[in-house]
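To start, the structure under review is shown below, and the notes come after it.
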2 protein chains.
Amino acid sequence: MEGREFKDAAFEHFARAASAFGSPKRVEIIDLLAQGERAVESIAEVTGMSMANTSRHLQVLRSAGLVVGRRDGLHVRYRLAGESVREGYRALRALAEDRIAELGQLKAAFFGEVDGAEAIGIDELMARADRGEVMIVDVRPRLEYDSGHLPGAVSIPLEHLNAHLAEMDPETPVVAYCRGPYCVLSAHAVSQLRSRGVDARRLDGGPLEWSAAGLPLAAQA
Amino acid sequence: MEGREFKDAAFEHFARAASAFGSPKRVEIIDLLAQGERAVESIAEVTGMSMANTSRHLQVLRSAGLVVGRRDGLHVRYRLAGESVREGYRALRALAEDRIAELGQLKAAFFGEVDGAEAIGIDELMARADRGEVMIVDVRPRLEYDSGHLPGAVSIPLEHLNAHLAEMDPETPVVAYCRGPYCVLSAHAVSQLRSRGVDARRLDGGPLEWSAAGLPLAAQA
DNA sequence: TGAGTAATCGACTAACCACTTGATTAATTG
DNA sequence: CAATTAATCAAGTGGTTAGTCGATTACTCA
């Protein structure tokens, strides 16, 4: 084998792996699966794609080795194929945030418009949570909470938020989080809470970023 | 702005950044630029592409924010736009090595055929170098050596290797390295040295991996 | 100022990719 | 076994992209 052949083949592999991340919808799928296993139907619903198209994208991801699927009755459930995929996604995001200025503007514009409050960072949350100064609310669907959440967080899926308003102590600030820095659930939660006079802020990050910072997650409840 | 709009826009940015890595030739360019600044002509030569095509790829990388160029007389010199790009490339490589089995086979087949010796890891090299047991040889072109090399390494560009055979002490094993785990220069160096009876092995990695392991590089000489 | 070199641009081609629609397969439940 | 639901497959279409070739621009040096 010649040196050029070897390099071509090796870089071809790298490029194929990168191409799997090269479609917005596939990135969204990976972002979702980073929270845990999920069936095709549910992925299609969250991403707003047709079943056929979702399935197609999942095939692409699978043949690139990024996800694996298993049959479970009528459903086929997919999950990320390993820690290196999560790590790769995190690096891609860090790269984009560092190099693409529009991304920061986009984030600021959207979150400014929706919740109108500064997000809180993981470091700050950790410090204040240790001192028992905040109530941490996980607004993701229950199943995602169960598969791993921040220690001390209570599960109040966004659609049930109004029913749980009474549980909020006006003296204690609330910190809401969802799937990560690009998930919109917590922004809507914060907006709702603030319009009712609760001192609420959004965490910039989710379980993925929390555990990437070396902090432990809690399972079940 | 709607939640869906926001997500579409954000994931679109991620996908565009990933797509920039989505061509084998562009990955090779990034691999090269990870060693330091380089003019278009020289990139075209190493990668075996036409000038026009190389320039085109560099435009793509530049408009994705991964590289920056500056004019220097007749030349335009490009370099990686920041540490996050290097980090992203490293994560992509780790992902591919973890998830794509063929990559490991390819590496084993090629290096087995060319140099026929086990590569040495960074940890092992560090331990043995501390004890002064090995001679470390940097076989990259001189300019790359100057822009950063392993401490204690001597520069013997591959094409001058034969002229420096006398400097090798038969009692001291030689470790050769070049640009990284996918660079073929050191494999050829090892093959030449071994055919002349020198106990030579290839380092699995280059300056990039060395400094990613938290170890310092030396500059100039 | 004119010759020479490095890089870019523009036009074109062939290959590839995302997505849609409609049909098909696989498993479950009455 | 028939009906239902989840997922996949097949074919077709419009849009994008890597690469080539030839022309043009940007700069240097005699």
Side-chain angles (χ1 to χ4, degrees), chain A residues 4 7-9 11-33 37-64 66-79 143, chain B residues 4 7-9 11-33 37-64 66-79 143:
Chain A
R4 174 104 313 265
K7 280 165 91 176
D8 284 348
F11 290 128
E12 176 76 46
H13 282 301
F14 297 158
R16 244 206 300 276
S19 293
F21 285 92
S23 139
K25 291 300 188 182
R26 281 202 295 270
V27 175
E28 190 171 358
I29 292 178
I30 287 169
D31 189 73
L32 246 187
L33 294 184
E37 203 177 47
R38 244 190 149 92
V40 181
E41 191 183 26
S42 136
I43 298 172
E45 192 200 324
V46 176
T47 59
M49 286 189 290
S50 69
M51 280 279 282
N53 198 21
T54 306
S55 178
R56 185 80 197 78
H57 277 304
L58 284 164
Q59 307 299 322
V60 174
L61 289 171
R62 192 174 53 191
S63 71
L66 302 192
V67 308
V68 291
R70 66 180 179 93
R71 233 193 207 275
D72 175 20
L74 276 182
H75 296 270
V76 176
R77 303 193 191 278
Y78 284 88
R79 59 189 159 79
L143 277 173
Chain B
R4 173 97 331 254
K7 281 165 89 175
D8 284 348
F11 290 129
E12 175 77 45
H13 282 302
F14 297 157
R16 243 205 302 275
S19 293
F21 285 92
S23 139
K25 290 300 190 182
R26 282 202 295 271
V27 176
E28 189 172 357
I29 291 177
I30 288 168
D31 188 75
L32 245 187
L33 293 184
E37 204 176 47
R38 241 188 150 95
V40 182
E41 192 184 25
S42 135
I43 298 172
E45 192 199 324
V46 176
T47 59
M49 287 189 290
S50 69
M51 280 279 281
N53 197 22
T54 305
S55 178
R56 184 81 196 77
H57 277 303
L58 284 164
Q59 307 300 319
V60 174
L61 289 171
R62 192 172 54 189
S63 71
L66 303 192
V67 308
V68 291
R70 66 178 179 92
R71 242 209 194 266
D72 176 20
L74 277 182
H75 296 271
V76 177
R77 301 192 192 280
Y78 284 88
R79 60 191 159 78
L143 277 173

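Keep in mind that the numbers below use all heavy atoms, side chains included, and drop hydrogens, waters and symmetry copies. Every chain is numbered from 1 and lettered A, B, ... according to where its sequence line falls, protein lines coming before strand lines. No experiment lies behind these values; they were computed from the predicted model shown.
Counting to the nearest Å, the P atom of dT28(D) and the NE2 atom of His75(B) are 11 Å from each other. In this structure, CG of Asp8(A) is placed 10 Å from P of dG19(D), rounded to the nearest angstrom. As a whole-Å value, the separation of Asp72(A) CG from dA26(C) P is 18 Å. Atom CD in Glu45(A) sits about 11 Å away from atom P in dA6(D), given to the nearest Å. Counting to the nearest Å, the P atom of dC16(C) and the CZ atom of Arg16(A) are 12 Å from each other. Between Leu58(A) atom CG and dA6(D) atom P there is a gap of 16 Å when expressed in whole angstrom units. Separating the NZ atom of Lys25(A) from the P atom of dT20(C) is a distance of 9 Å, rounded to the nearest angstrom. Look at CD on Gln59(A): it is 9 Å from C1' on dC9(D), rounded to the nearest Å.
Backbone-only contact: Ser50(B) has heavy atoms under 4.0 Å from sugar-phosphate atoms and none from a base.
Applying the 4.0 Å criterion to OP1 and OP2 of dA6(C), one finds that Tyr78(B) has every side-chain N and O outside that range. A close approach under 4.0 Å does not occur between any side-chain nitrogen or oxygen of His57(B) and OP1 or OP2 of dA18(D). Residue Arg26(A) places at least one side-chain N or O closer than 4.0 Å to OP1 or OP2 of dA18(C). An OP1 or OP2 oxygen of dA18(C) is reached within less than 4.0 angstrom by no side-chain nitrogen or oxygen of Asn53(A).
Judged by closest nucleotide on DNA chain C, Leu74(B) is the one of Leu74(B) and Val60(A) placed further toward the 5' end. If you find the closest nucleotide of DNA chain C to Arg71(A) and to Ala52(A), the one lying nearer the 5' end belongs to Ala52(A).
Of the residues Met51(A), Glu45(A), His57(A), Arg77(A), the one that meets the side chain to side chain contact (heavy atoms under 4.5 Å, CB included) test with Val40(A) is Met51(A).
The side chain of Ser55(B) lies closest to dT8(C), out of dG19(D), dT8(C), dA6(D). Of all nucleotides listed (dA26(D), dG19(D), dA7(D)), dA7(D) comes nearest to the side chain of Val40(A).
With rounding to the nearest 0.5 Å, the separation of CZ in Arg62(B) from OG in Ser55(B) is 8.0 Å. Rounding to the nearest 0.5 Å gives a distance of 7.5 Å between CG of Leu58(A) and CE of Met49(A). Atoms NZ and CG, on Lys7(A) and Asp31(B) in that order, are 7.5 Å from each other to the nearest 0.5 Å.
The two residues Glu12(A) and Pro24(B) make their nearest non-hydrogen contact at OE1-CG, 3.5 Å.
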